[in-house]
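Single-structure report; data block below.
Proteins get letters first, then strands, A, B, ... in listed order; numbering begins at 1 in each. This one's a predicted model, so the numbers in the text were calculated from it and none came from an experiment. All values below come from the heavy atoms of this structure, side chains included, with hydrogens, waters and symmetry mates left out.
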Amino acid sequence: MTKVRVRFAPSPTGPLHIGGVRTALYNYLFARRHGGTMILRIEDTDQNRYVPGAEEYIIESLRWAGIVIDEGVGPGGPHAPYRQSERKHIYRQYAEQLVHAGYAYYAFDTEDELDALRNRLKEAGAEQQQYGITTRMNMRNSLTLPAREVQRLLTENAPHVIRLKIPEGEVIKLHDLIRGEVTVHSEQLDDKVLMKSDGMPTYHLANVVDDYLMEITHVIRGEEWLPSAPLHVLLYRGLGWEERMPQFAHLPLLLKPDGHGKLSKRDGDRMGFPVFPLNWTDPFTGEKSPGFREAGYLPEALINFLALLGWNPGTEQELFSMTELVESFSLERISKSGARFDIQKARWFNQQYLRKLPDAQLARQLAEQLKSEGIEQPEEKLIRIVSLLKERITFTHELLPQSKFFFYAPPVPDDSFIRKKWSGQVQEVLAAYAQALEEEKNFSADNLKHLLETTAQKLGIKAGQVMQPLRVALTGETAGPDLMAIAEILGQKECIRRINFVLQYAKPFVS
RNA sequence: GGCCCGUUCGUCUAGGGGUUAGGACAUCAGAUUUUCAUUCUGGUAACAGGGGUUCGAUUCCCCUACGGGCUACCA
């Protein structure tokens with residue numbers, strides 16, 4: 001096999017959709033698996049839909065996700081430029097080549113004329129309203145107009161497009177690596193515009209020309225392109241490039257978590273999760289879209305989650321590093337049907353990956369969060385705190401809220417809690433415990449626990465019965481990590497102070 | 001509407017002519033724990049329907065239903 005070359009070819013019309021990230025990922029995995037090249041091409045042939053910042057957003061998203069671009073916009077390469085707007089000058093000659101070979105034609109119809117055609121067909125109850133085999137001879141184009149008239153219009157620079165001339169009565173077959181044989185009758189296809197009147201190519205022409213020129217071997221893209229794939233086959237054929245036509249693989253779509261249709265930004269907003277890799281603010285409307293990065297997802301977790309949405313390794317392994325994904329990836333194991341987007345599973349992956357993070361790294365994150373509160377703490381202490389928390393959280397941003405009591409003395413406990421859990425006996429044990437802590441030299445969790453047990457025992461009660469009150473005294477919470485480990489970190493003075501504070505407060509309730 | 005693609009637990013999926021139809025997330029129950037979480041154990045839960053082919057079909061074929069995509073001088 002010739003050297004694998006694949007491309008990810010988004011259009012810069014807004015933030016990159018999460019489905020686009022998955023498409024990029026599969027391209028990347030396939031390239032790496034076969035020692036090939038991953039190319040980024042920007043398909044900005046629609047000047048009306050261009051959104052400033054979108055291209056940068058795409059590049060930053062891929063970088064964050066760990067998808068490395070070998071060639072294309074960014075790193076450059078032998079086929080530069082990789083932005084289609086900058087390649088504008090190269091498309092027209094191919095379109096004209098098609099015209100000369102009889103595979104395409106000039107069309108001069110105005111928008112009104114096209115509308116009229118559609119309406120006419122609609123009223124006549126036609127199955128499809130298209131500019132094509134059955135209708136092209138009724139329109140104003142180089143097939144119907146005298147040659148001299150066409151020539152005149154062209155030299156006068158009259159607005160026109162170039163349309164593909166779909167052949168009649170042909171069955172177009174293409175082999176899709178995921179779906180197998182796909183068959184379409186040419187009558188179903190319309191005479192797609194190849195060159196627009198603004199001089200830009202449409203997607204169909206540009207993608208075929210560029211894929212050929214850039215020596216793309218495999219086109220891996222979303223299923224929404226499947227219906228136009230036969231058209232592209234015709235283009236390769238007309239251009240005389242059929243020999244070097246890339247292989248196609250049309251990926252199943254990412255679907256809404258509930259209901260029907262493909263995943264959209266609305267679903268994320270509605271159900272409270274991102275559908276974009278990074279935060280995005282629309283430069284025109286100011287509308288904000290949340291991103292996975294800012295929502296606290298680790299790129300490795302998101303990638304792992306995405307990889308398994310539509311592909312599986314055939315083993316029971318669930319956790320994959322990028323390297324492992326590369327090793328096991330294959331197009332054959334991509335499923336054919338769309339995959340519902342289940343954010344629960346994404347959360348689970350994040351939890352798994354968060355646990356694997358070194359304590360020092362989590363401690364740095366916590367230090368960062370504390371900084372915004374104007375608090376500074378020794379790294380060594382933060383590492384101890386973080387090690388207590390890491391198995392209990394899903395996102396790093398939970399670090400601060402879950403550890404606040406280490407840095408702030410808790411407020412007085414709820415009256416209702418006191419009424420339920422407090423007693424003279426509890427009060428007595430806690431007082432004795434605070435007393436014992438005063439004299440304690442060894443402030444290790446083990447020792448503190450032992451001390452609590454013996455203190456409680458002496459007063460004829462089990463340690464378990466004062467655990468909860470003690471937790472509230474120390475942390476202000478009724479749930480949390482191992483209390484004795486917390487006490488150890490809090491330190492002698494702070495523990496005693498907090499216990500005494502609560503003792504004072506609770507006195508009126510028990511006397 | 002037309003065309004194309006698809007359909008295994010709630011979700012992601014494995015499997016495949018004869019299986020107790022497997023795993024993961026979620027969910028439920030139990031165990032552990034000073035609480036919560038974790039962890040461990042166990043449970044509930046699926047081959048869309050109808051016809052063929054076959055000794056036998058969830059698996060192969062056809063039809064129906066349902067779902068999705070496309071149907072622009074957008075990608």
Could you state the atom-to-atom distance from [atom1] of [X] to [atom2] of [N] in whole Å?
| X | N | atom1 | atom2 | result |
| --- | --- | --- | --- | --- |
| A:Asp258 | B:rG68 | CG | P | 12 Å |
| A:Gln130 | B:rC73 | CD | C1' | 16 Å |
| A:Met484 | B:rU35 | CE | P | 12 Å |
| A:Leu231 | B:rU71 | CG | P | 11 Å |
| A:Leu117 | B:rC73 | CG | P | 10 Å |
| A:Tyr91 | B:rC73 | OH | P | 19 Å |

Tell me the partner of [N], counting only Watson-Crick (N1-N3 plus N6-O4 or O6-N4) or G-U wobble (N1-O2 and O6-N3) with both under 3.5 Å; none if nothing fits.
| N | answer |
| --- | --- |
| B:rG67 | B:rC5 |
| B:rA29 | B:rU41 |
| B:rU58 | none |
| B:rC73 | none |
| B:rU11 | B:rA24 |

Rounded to whole angstrom, note down the [atom1] distance from [N] over to [M].
| N | M | atom1 | answer |
| --- | --- | --- | --- |
| B:rU59 | B:rG43 | C1' | 28 Å |
| B:rU35 | B:rU20 | C1' | 40 Å |
| B:rA46 | B:rA31 | P | 28 Å |
| B:rU11 | B:rA45 | P | 16 Å |
| B:rC25 | B:rU38 | P | 11 Å |
| B:rA24 | B:rG18 | P | 24 Å |
| B:rU58 | B:rA48 | C1' | 12 Å |
| B:rU8 | B:rC47 | C1' | 4 Å |

Spatial distance of atom [atom1] ([X]) from atom [atom2] ([Y]) [nearest 0.5 Å]:
| X | Y | atom1 | atom2 | result |
| --- | --- | --- | --- | --- |
| A:Arg92 | A:Met195 | CZ | CE | 5.5 Å |
| A:Thr475 | A:Phe406 | OG1 | CZ | 9.0 Å |
| A:Leu251 | A:Trp311 | CG | CH2 | 13.0 Å |
| A:Leu331 | A:Tyr26 | CG | OH | 10.0 Å |

Within the 4.0 Å heavy-atom criterion, would you say [X] contacts the bases, only the backbone, or no part of the nucleic acid?
| X | answer |
| --- | --- |
| A:Gly310 | sugar-phosphate |
| A:Pro481 | base |
| A:Ser335 | sugar-phosphate |
| A:Thr45 | sugar-phosphate |
| A:Asp109 | base |
| A:Arg355 | sugar-phosphate |
| A:Arg221 | nothing |
| A:Thr478 | base |

Electrostatic pair A:Arg384-A:Glu488, nearest N-O below 4.0 angstrom: yes
Taking atom types as modelled, find out whether [X] and [Y] have a side-chain donor-acceptor pair closer than 3.5 angstrom.
| X | Y | value |
| --- | --- | --- |
| A:Tyr105 | A:Asp191 | yes |
| A:Glu440 | A:Asn447 | yes |
| A:Tyr131 | A:Asn141 | yes |
| A:Arg179 | A:His250 | no |
| A:Tyr82 | A:Asp210 | no |

base_contact_polar (B:rC73 base, A:Ser197 side chain, donor-acceptor, <3.5 Å): yes
Protein proximity profile, nucleotides 21-26 of chain B - base contact B, sugar-phosphate-only contact S, no contact -, cut-off 4.0 Å on heavy atoms: -SSBSS
Nucleotides 1-6 of chain B: protein proximity per nucleotide (B base, S sugar-phosphate only, - neither; heavy atom, under 4.0 Å): BSSSSS
Proximity of A:Phe395 and A:Tyr297 rings by center, below 6.0 Å: yes
Near-ring test A:Phe320/A:Phe329, centroid separation under 6.0 angstrom: no
Under-4.0 Å side-chain N/O to phosphate OP1/OP2 contact, A:Arg471 with B:rU35: no
B:rC70 phosphate, OP1 or OP2, under 4.0 Å from A:Lys262 side-chain N/O: yes
Side chain of A:Thr202 (C-beta onward), nearest among B:rG68, B:rC74, B:rU13: B:rC74
Toward the 5' end of RNA chain B, by each residue's nearest nucleotide, A:Leu308 or A:Gln468: A:Leu308
Residue mapping more 5' on RNA chain B - nearest nucleotide basis, A:Arg333 or A:Leu483: A:Arg333
Side-chain donor/acceptor of A:Asp282 to backbone N/O of A:Thr285, under 3.5 Å: yes
Side-chain donor or acceptor of A:Arg498 paired with backbone N/O of A:Ala473 under 3.5 Å: no
Aromatic ring pairing A:His160/A:Tyr106, orientation class (parallel under 30°, perpendicular over 60°, tilted between): perpendicular
Interface residues of residues 450-465 of chain A with RNA chain B (non-hydrogen, below 4.0 angstrom): none
